[in-house]
Structures are given as structure tokens and as C-alpha cells.
Peer 1: 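Next up is a structure, given as C-alpha cells.
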Amino acid sequence: GTADTDTDSDGAFDNCAADGNPQDGCVNDANKMAPGKCGCGTADTDTDADGALDNCAADGQPRDLCPNDPQKTAPGKCGCGNPDTDTDSDGALDNCAADGQPRDDCDSDPLKTGPGLCGCGTRDVDSDGDKTPDCKDQCPGDALKIAPT
């Protein structure tokens, strides 16, 4: 006959089904009796429950390279845990610097990526050329003064 061997001590015999357990399909993996989706020796885990397994590609999904980020399966441009969004569609991402663009600190102002001198939503324009932006110049049409006298 066949020896009742349980190589990995998981309660399933290597060569036959017995005692309510199926035959062990993973004789060297105490955590599995069948290969599952990732195979013997690799856990079928989806830590963030996004449908992509942490340790292998399966069911049309790639291996999850961001196992703790349910919004991503790959780091993208901003990395795991940070969405790759560009709210104002100016080419600068809201959460990180990427593609030669700085991080967008004015993510609702498509004309700016940083607050500059006048803040987000206000252009840093100097209409009269006196080196004082209009937002700080009380006389934006007079190059000789920045405040009324």
C-alpha cells in the first residue's frame, strides 16, 4: 500500500484523502492543501480587498504592487497611498512632482502650480512694470507709486 505520510503536518495526507481532508495538493506547504491562485508556497492574500492579490497575478488582475492601497495596484507616478490626480488639468499632479512638473500646490488654479506672491487663484501680474505685483500694488496703473499719496 501507500504510506500515510503528511510531509508538511497540515493534517492532509500526501497520497490520499482521509479523515475528512482532501489529498494534500501542496505537500510542502503547511498553509495550503491546494495550490489556490498563487500556487503552493505562496499565500493567496488580498490585504486591501481591491481584487488584486498581493503575491501573484490572477483572474485578469496584475499582482498588487500597492497591497495596502485599495485605490491602486501599481505605484503610478505618486506612489502607493497617493492618488495620481490633476484636479485643474494643468499637467502638474496634486500629490507629487512628476514628469518635470512640480507638485501642484494650487490644484484648483490651472494657471499656477504654487501660490507665488498673490496666492492661488490670483495671477502674479505687474501691469505697470514697477516690480510690485498688482495684488500688492494700490496703484497698479502707475509705475511711479505703489500706494496713493
Side-chain angles (χ1 to χ4, degrees), residues 6-14 17 20-149:
D6 181 7
T7 304
D8 57 14
S9 302
D10 63 359
F13 292 118
D14 299 350
N21 287 321
Q23 179 177 339
D24 197 341
C26 293
V27 297
N28 294 310
D29 183 347
N31 295 312
K32 285 184 164 182
M33 290 186 220
K37 295 181 181 196
C38 293
C40 298
T42 304
D44 296 338
T45 307
D46 180 8
T47 303
D48 57 16
D50 62 0
L53 298 175
D54 302 350
N55 300 309
C56 69
D59 299 328
Q61 290 285 340
R63 176 177 173 224
D64 196 341
L65 301 177
C66 294
N68 296 308
D69 182 349
Q71 303 303 315
K72 287 182 161 185
T73 58
K77 295 181 179 187
C78 292
C80 300
N82 293 306
D84 296 339
T85 52
D86 179 8
T87 303
D88 58 13
S89 301
D90 62 359
L93 298 174
D94 301 347
N95 298 300
C96 69
D99 299 328
Q101 291 286 335
R103 173 191 164 129
D104 195 343
D105 291 326
C106 292
D107 56 11
S108 61
D109 183 346
L111 300 176
K112 292 175 119 178
T113 57
L117 297 171
C118 297
C120 299
T122 303
R123 294 180 58 207
D124 294 337
V125 175
D126 179 10
S127 298
D128 57 16
D130 63 2
K131 299 190 185 269
T132 301
D134 293 353
C135 67
K136 308 233 184 253
D137 192 340
Q138 294 178 30
C139 301
D142 186 342
L144 300 176
K145 54 186 176 175
I146 59 171
T149 52

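Just the heavy atoms: all of them, side chains too, but no hydrogens, waters or symmetry mates, feed the values below. In this chain, numbering begins with 1 at the start of the sequence shown.
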Peer 1: With side chains defined as the heavy atoms from C-beta onward, is the minimum distance between Pro83 and Cys78 less than 4.5 Å?
Peer 2: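 Sidechains of Cys78 and Pro83: no contact.
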Peer 1: Working to the nearest 0.5 angstrom, can you tell me the gap between Cys118 SG and Asp134 CG?
Peer 2: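 Between Cys118 SG and Asp134 CG, I get 7.5 Å after rounding to 0.5 Å.
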Peer 1: Hey, could you give me the CG/CE distance between Asp6 and Met33, rounded to the nearest 0.5 Å?
Peer 2: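 Here the rounded value is 8.5 Å.
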Peer 1: Salt-bridged, Lys112 to Asp124, with N to O below 4.0 Å?
Peer 2: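 Looking at Lys112 and Asp124, the cut-off is met.
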Peer 1: Using every non-hydrogen atom in the two residues, find where Ala92 and Pro102 come nearest and quote the distance to one decimal.
Peer 2: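 Of all heavy-atom pairs spanning Ala92 and Pro102, the closest is CB-O, 3.5 Å.
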Peer 1: Can you confirm whether Asp54 sits close enough to Asp46 that some side-chain heavy atom of one is under 4.5 Å from a side-chain heavy atom of the other?
Peer 2: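 The answer is yes; the side chains approach within 4.5 Å.
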Peer 1: Does any part of the side chain of Cys80, heavy atoms only, come nearer than 4.5 Å to the side chain of Leu65, both counted from C-beta?
Peer 2: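 No, their side chains stay 4.5 Å or more apart.
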Peer 1: Report yes if the side chains of Pro148 and Gln138 come closer than 4.5 Å at any heavy-atom pair, otherwise no.
Peer 2: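 Pro148 vs Gln138: side chains touch.
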Peer 1: To the nearest 0.5 Å, what is the distance between CG on Asn28 and CG on Asp24?
Peer 2: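 So the gap between those two atoms works out to 8.5 Å.
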Peer 1: Does any part of the side chain of Asp64, heavy atoms only, come nearer than 4.5 Å to the side chain of Cys66, both counted from C-beta?
Peer 2: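 In short, these two side chains touch, coming nearer than 4.5 Å.
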Peer 1: Identify the two heavy atoms, one from Gly81 and one from Asp69, that lie closest to each other, and give their separation to 0.1 Å.
Peer 2: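 Smallest interatomic distance, heavy atoms only, reads N-OD2, 2.7 Å.
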Peer 1: Taking all non-hydrogen atoms of both residues, which atom of Ala52 and which atom of Pro62 are closest, and how far apart?
Peer 2: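 So the two residues come closest at CB-O, 3.6 Å.
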Peer 1: Kindly say whether Thr87 contributes a backbone atom to a donor-acceptor pair with the side chain of Asp107 at under 3.5 angstrom?
Peer 2: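 Answer holds: no.
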Peer 1: Enter the distance from Asp128:CG to Leu144:CG here, rounded to the nearest 0.5 Å.
Peer 2: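 So the gap between those two atoms works out to 8.5 Å.
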Peer 1: Do you know the tightest heavy-atom contact between Cys40 and Gly25?
Peer 2: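 Closest approach of Cys40 to Gly25: SG-O, 3.4 Å.
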Peer 1: Do NZ/NE/NH1/NH2 and the carboxylate oxygens of Lys72 and Asp48 come within less than 4.0 Å?
Peer 2: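 Answer for the salt bridge query: no.
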Peer 1: Quick check: does any side chain N or O of Gln23 sit under 3.5 Å from a backbone N or O of Asp14, one acting as donor and the other as acceptor?
Peer 2: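 Such a contact is found between Gln23 side chain and Asp14 backbone.
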Peer 1: Which heavy atom of Leu117 sits nearest to which heavy atom of Cys135, and what is that distance?
Peer 2: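 Distance-wise, the nearest heavy atoms are O-SG, 4.1 Å.
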Peer 1: So, taking the atom named OG1 in Thr122 and the one named CG in Asp109, what distance separates them when rounded to the nearest 0.5 Å?
Peer 2: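 Result: 8.0 Å between the selected atoms.
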Peer 1: Looking at Asp105 and Gly114, would you say the former's side chain and the latter's main chain have a donor-acceptor pair under 3.5 Å?
Peer 2: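 Answer holds: no.
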Peer 1: Going by the side chain to side chain donor-acceptor pair (under 3.5 Å) test, name the single residue among Asp99, Asp86, Asn95 that passes it with Lys77.
Peer 2: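 Testing Lys77 for a side chain to side chain donor-acceptor pair (under 3.5 Å) against Asp99, Asp86, Asn95 leaves exactly one candidate, Asp99.
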Peer 1: Got a second to check how far Thr42's OG1 is from Asn31's CG, nearest 0.5 Å?
Peer 2: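 Going from OG1 on Thr42 over to CG on Asn31, the span is 11.0 Å.
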Peer 1: How close do Asp104 and Asp90 get, counting heavy atoms only, and between which atoms?
Peer 2: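 Asp104 and Asp90 have their closest heavy atoms at OD2-OD2, 2.8 Å.
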Peer 1: For Asp44, is there an ion pair with Lys32 - N to carboxylate O distance below 4.0 angstrom?
Peer 2: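 Between Asp44 and Lys32 there is a salt bridge, with a charged N closer than 4.0 Å to a carboxylate O.
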